[in-house]
Amino acid sequence: MRLDVVTIFPDYLAPLDLSLIGKARRDGILDVRVHDLRDFAHDRHRSVDDSPFGGGAGMVMTPGPWAAALDHVVASGPTEDAVVPHLVVPGPGGVPFTQALARRLAAEPWLAFACGRYEGIDERVYEHAQERMPVTVVSLGDYVLNGGEVAVLAMVEAVGRLLPGVVGNAESLVEESHEGGLLEYPVYTRPARWEDGGILREVPPVLLSGDHAAIAAWRHEQRVARTAARRPDLLPASATTGALEDLDVR
Ligand SMILES: Nc1cc(-c2cccs2)n[nH]1
């Protein structure tokens, strides 16, 4: 997968050189290219923002540098066919970023991310982009960040880890939170009996039983109960009635 990121803070994307994503880049699974928006500014001050028409606080990112940067990204793609990236623009007004959307994005050959700052990007940039490539504004959640870079780091990690060869054990992708619409089950490791300052904390016996069917059933029960307790919005209405009351879920 090819990933392009346009930002005024390229150093913010340095974490993409680390850990699993960094290894995926070195292994050639991910081709990540970060572009400094100011390289596409026309004036000697390399300015990328100006005051908003209509008044209001803050500054708006001007259309010129963005159009030049996005056109450069598109032009830098494979020349043999008219492949264009799917442009993802983080913003609090976007569609929710979910595991399902991460899976859909992971199936695409080329993503580009536009990191807005200030009060946002001039709306005509979206018009310019939409004439050249698919554009999706995506929100990480109902809160406001100062810029899109943090959101891009999160989305690149969520998408990149789904690519074949990035996560060592692909099985670990199956029963994690939000796979199958449920939160993950509780996990335990040694010691089986943990002396916690006078309190003995033990591992649920079923996990020590070796009875794989019973363990799978317990884990599913825990996933449903946790989801009902913490994220009932993820459950179909039918699933939250019945025998969940007697399950101990915090
Ligand atoms: N979910 C979300 C995205 C954002 C921003 C993206 C770019 C500037 S602010 N805030 N909250």
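We number each residue from 1, following the sequence as shown. All values below come from the heavy atoms of this structure, side chains included, with hydrogens, waters and symmetry mates left out. Just follow the structure's listing: the first ligand is 1, and inside any ligand the first atom is 1. Worth saying up front: this structure is predicted, and the values here are computed from it rather than measured.
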* Asked: What part of Ala151 sits under 4.0 Å from ligand 1 if we count only heavy atoms: the side chain, the backbone, both or neither?
  -> neither
Answer yes or no: are there more than 12 heavy-atom neighbours, outside [X] itself, under 6.0 Å from its atom [atom1]?
{"X": "Tyr12", "atom1": "OH", "answer": "no"}
{"X": "Asn169", "atom1": "CG", "answer": "yes"}
{"X": "Asp142", "atom1": "CG", "answer": "no"}
{"X": "Arg124", "atom1": "CZ", "answer": "no"}

Just jot down the ligand 1 atoms closer than 4.0 angstrom to any heavy atom of [X], in number order.
{"X": "Gly116", "answer": "7 (C), 8 (C)"}
{"X": "Gly141", "answer": "1 (N)"}
{"X": "Tyr143", "answer": "1 (N), 2 (C), 10 (N), 11 (N)"}
{"X": "Gly148", "answer": "6 (C), 7 (C), 8 (C)"}
{"X": "Val144", "answer": "10 (N), 11 (N)"}

Quick test: of every protein heavy atom, which one is nearest to [atom], and how far off is it to 0.1 Å?
{"atom": "atom 6 (C) of ligand 1", "answer": "Pro90 O, 3.4 Å"}
{"atom": "atom 9 (S) of ligand 1", "answer": "Leu145 O, 3.0 Å"}
{"atom": "atom 1 (N) of ligand 1", "answer": "Leu140 N, 3.0 Å"}
{"atom": "atom 4 (C) of ligand 1", "answer": "Pro92 CD, 3.5 Å"}

* Structure fact -> Among Gly147, Gly120, Gly94, the residue with a heavy atom nearest to atom 8 (C) of ligand 1 is Gly147
Before accepting this row, confirm whether a basic side-chain N of the pair [X]/[Y] lies closer than 4.0 Å to the acidic partner's carboxylate O.
{"X": "Arg25", "Y": "Asp31", "result": "no"}
{"X": "Asp71", "Y": "Arg132", "result": "yes"}
{"X": "Arg2", "Y": "Asp4", "result": "yes"}

* Hey, what do you get for OG1 (Thr227) to CG (Leu183), rounding to the nearest 0.5 Å? -> 3.5 Å
* To do: Consider every N or O of Ser139 and every N or O of ligand 1, then say whether any pair is closer than 3.5 Å.
  => yes
